[in-house]
Novice: 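Next up is a structure, given as structure tokens.
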Amino acid sequence: MKHRIAISTLMVGVLFLACTPKNPEEEKIENLLSQMTIEEKIGQMNQLDPSWDAEPKEQLIKEGKVGSIFNVVGAKEINRLQRMAVEESRLGIPLLVARDVIHGYETIYPIPLGQGATWNTALVERAAQLTAQEATSFGIHWAFSPMVDVAHDPRWGRVAEGYGEDSYLTSRMGAAVVRGYQSEGMAACVKHFAGYSVSEGGRDYNTTWIPEVQLRDIYLPPFKAALDAGAMSIMCSFNDMNGLPSSANHHLNVDLLRTEWHSDALLVSDWGSGSDLVPHGLAANKKDAALRCINARMEMDMQGNIYTDYLKELLDEGKIKESQIDECVRSILRMKFRLGLFENPYVDEENPKKYTPEEIAIVDQAVEESAILLKNDGVLPLTLDKKQQTILVCGPMADQKKEQLGTWVFDGKPEYSVTPLMAFNELAQSGNFKVLYEPGLSFSRDKNSKGINKAVTQAKKADVILYFCGEEAILSGEARCRANLNLPGAQCEMMDALVATGKPVVMIVMAGRPLTIGAQAEKAAAVLYAFHGGTRAGVGLANLITGKAVPSGKTPITFPKMVGQVPLYYNRHNTGRPSYAPPMLIDSIPIGCPQFSIGQSSYWLETPTEPLYPFGFGLSYTTFEYGEPQISQTELADSIIVSCEITNTGSKDAFEVAQLYTHQLYGDLVRPICELKGFQKIFIPAGEKKEVQFTLHKSDLGYWHEQKHNCESRVWFATDPVDFELWVSPDSRRLTKPIAFKVK
Ligand code: GLC
């Protein structure tokens, strides 16, 4: 008898522990969940954009059939709908209110690719904090960003929305945005999970084939970094990966996200990505799509209506369990509790916070640090105080309040914009120079070259030409992929005409991606690559051009010479036939030469493998000299310290981004010729030197291994005990002598 009592006591204890929520938050969730009907539970999994169709959403909200709304504009309207959920629905569960706040709300910062070019995570975090202060003051407490899709293909329109081609840089930037947002009460949503940027041909929504080890080495770390930084939510991607669209990918959404990473972040679909399983050819119909998605634990259905239409039916048919719905609803309620929505569901309608002096200071700094000086024959910075000078401001991007904001701008106000023309006219008020203006082309795709002659006429009167060229905002972003990367319209023709005047041409490119500007850059006196700089692009650029600020941006993505080189990225494999020596190019091949007479190495007949500008590259108005790196030990057991002295050998105080790269010489798998393992942006006064220090851990050098046996495959993360080399450099080229070391 005693024995039986002991067992039953033990069982009660186990049962109690199993059902006991881990903490007060979980207790509140369980308590609320226990009161909900199945319709109310399914309602929480439904996210709607009330502006999308004519059907009014108020009744659905009052019936508790909506868990989140997005794209609702204005605190008043948000409060109106929120009041229906909180005060009129049976349980008063507040709505999550979301918006694509991608690089600012009303005050627009440089596009994320430009923010990646700052290599300044503290600045990016501060910008995110200020963005969250602004957006939450308008009633938005859930931002659909950061996008951390590592992108190797500038043809892909959404390269504008990420932080470039490197997993480590993207991880640091994504985590900074998450911290910035969430420290100010706005939930981040890291996206798009996963592999979206690998779409074939750089064509949006296209197929991806990604081996597990590559997925884990390159594309997943930024998501893990964002989740480790506390991201409250994560968004599915549109693409099918290895034949499986992400919304139905149990391996991604459960094995990895929940079991391996132990994440409790809310997993929301992308816009209709659940119902997209039908056109993907995975699901037979929308009901089947709903089944696949819930079985892969896609927890909230953005604008797909498949959960509200089919989950109850699937439950009644016994095809799903209520426990599957419960686990999704727990994630949703958890996010609402964490955001404090049950205590404070409404927003103060009278106190929007926007365009504050601090935001202006930070957005100007972001513009200055996101621009990359790619070439300078000494024409920059302009010396405007010496003698009366005449400047021609020209080009289709010189005075475009809306276009300079870039892609994914819903709430940015073009009327706030300061364009380059406005900034130079402002400077000329008090400066010793004159500004002439002639766009030459009306917009970036303008093929009507008649206006170019007017610009040439003006150029002949000027001492220096500032040519603002690039892409309109609509030419990058979602579903905005390009099959060639040239400057659109007649912009190249205009550049040639300006150069033909014999006056120095400073080319300032405002675009959403790297463009193949090699031929134009060759003729330019200087090239400043500004991406789309946002509301105050003109101010930051004028500060750089006139020397009030010194360029410090570095390329976050490789700039190809021609689109045929794509994908081209710095951390590539060497191949068995690397093309070290300058290969024989197509026009120098002797006619009728024998088949094997011109060498067998990995390049193109039209171009070598070298890019136009490498990853991590950017010039300054000063020069820096790197000493030989010193390492604490030549054998790495747990970690080593790497230090390097950098001297500002020029005449301008400036920031420099010192980059730590490693190369594994051999191992269980082929490894990249070079990998970024650390970076530091440091300020060095002219003539002075500073030492940077990095700690390199054994795990930093690890990668995912794979062993296949028959049809089975096993993956694991490890660091090979082999020879490595490292260098500290101003960019990804081996500009300093590599230092050898061994991992024990
Ligand atoms: C879009 C995008 C996603 C965005 C969502 C809501 O299709 O893929 O990044 O957050 O829909 O607008």
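Each ligand, and each atom within it, is numbered from 1 in the order the structure gives. The figures that follow rest on heavy atoms only: side chains count, while hydrogens, waters and symmetry mates do not.
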Novice: What is the ring orientation for Y219 with H152, classed by angle as parallel under 30°, tilted 30 to 60°, or perpendicular over 60°?
Specialist: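 Taking H152 first and then Y219, their aromatic rings stand perpendicular (interplane angle over 60°).
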
Novice: Output, in order, the C-alpha distance, side-chain angles, deciding distance and verdict of side-chain contact (heavy atoms from CB on, under 4.5 Å) for Y163 and V150.
Specialist: CA-CA 7 Å; Y163 300 92; V150 175; over 6 Å; no

Novice: Could you label the plane-to-plane angle of the F193 and W261 rings as parallel, tilted or perpendicular, counting under 30° as parallel and over 60° as perpendicular?
Specialist: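 Correct class here is tilted.
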
Novice: For ligand 1, which part of M147 has a heavy atom less than 4.0 Å away: the side chain, the backbone, both, or neither?
Specialist: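 No part of M147 is near ligand 1 at this cut-off.
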
Novice: Evaluate the ring planes of F70 and W271, with Trp represented by its six-membered ring, and classify them as parallel (under 30°), tilted (30 to 60°) or perpendicular (over 60°).
Specialist: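 Correct class here is perpendicular.
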
Novice: When only distance counts, is R158 in polar contact with ligand 1, meaning an N/O pair under 3.5 Å?
Specialist: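 Yes; the residue has a nitrogen or oxygen that sits under 3.5 Å from a nitrogen or oxygen of the ligand.
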
Novice: Checking a contact table here: which protein heavy atom is nearest atom 1 (C) of ligand 1, and how many Å away?
Specialist: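 Its nearest protein heavy-atom neighbour is E478 OE1, 3.1 Å.
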
Novice: Closer than 4.0 Å to some heavy atom of W271 - which atoms of ligand 1 meet that?
Specialist: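 In order of numbering, the contacting atoms are 7 (O), 11 (O).
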
Novice: Given that the side chain starts at C-beta and the backbone is N, CA, C, O, which of these parts of E161 lies under 4.0 Å from ligand 1, counting heavy atoms, or is it both or neither?
Specialist: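 The answer is neither.
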
Novice: Identify, by atom number and element, the atoms of ligand 1 in contact range of K191, meaning under 4.0 Å from any of its heavy atoms.
Specialist: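 In order of number, 3 (C), 4 (C), 9 (O), 10 (O).
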
Novice: Donor-acceptor check, side chain of E134 to backbone of Y355, threshold 3.5 angstrom: yes or no?
Specialist: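 Yes: the side chain of E134 pairs with the backbone of Y355.
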
Novice: With heavy-atom distances below 4.0 Å as the criterion, list the atoms of ligand 1 near F144.
Specialist: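 Close to F144: 6 (C), 10 (O).
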
Novice: Would a line drawn from the ring center of F559 to the ring center of Y529 be shorter than 6.0 Å?
Specialist: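 Between F559 and Y529, the centre distance is under 6.0 Å.
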
Novice: So, regarding D270 and ligand 1 (criterion: nitrogen or oxygen to nitrogen or oxygen, under 3.5 Å), is there a contact or not?
Specialist: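 For ligand 1, there is an N or O atom that lies under 3.5 Å from one belonging to D270.
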
Novice: Quick check on the 6.0 Å ring-centre criterion: do Y569 and F615 meet it?
Specialist: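 Centroid separation for Y569 and F615: 6.0 Å or greater.
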
Novice: With heavy atoms of D100 as the reference, note each atom of ligand 1 found under 4.0 Å away.
Specialist: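 The atoms of ligand 1 under 4.0 Å from a heavy atom of D100 are 4 (C), 6 (C), 10 (O), 12 (O).
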
Novice: Taking N or O atoms only and a 3.5 Å limit, does Y196 qualify as a polar contact for ligand 1?
Specialist: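 It does not: no N or O of Y196 is found under 3.5 Å from an N or O of ligand 1.
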
Novice: Evaluate H192 for polar contact with ligand 1, using N/O atom pairs at a separation under 3.5 Å.
Specialist: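 In this structure, H192 places an N or O atom under 3.5 Å from an N or O of ligand 1.
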
Novice: Between W156 and Y196 (judged by ring centroids, cut-off 6.0 Å), do the two rings come close enough to count as a pair?
Specialist: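 Yes, the ring of W156 comes within the 6.0 Å limit of the ring of Y196, centre to centre.
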
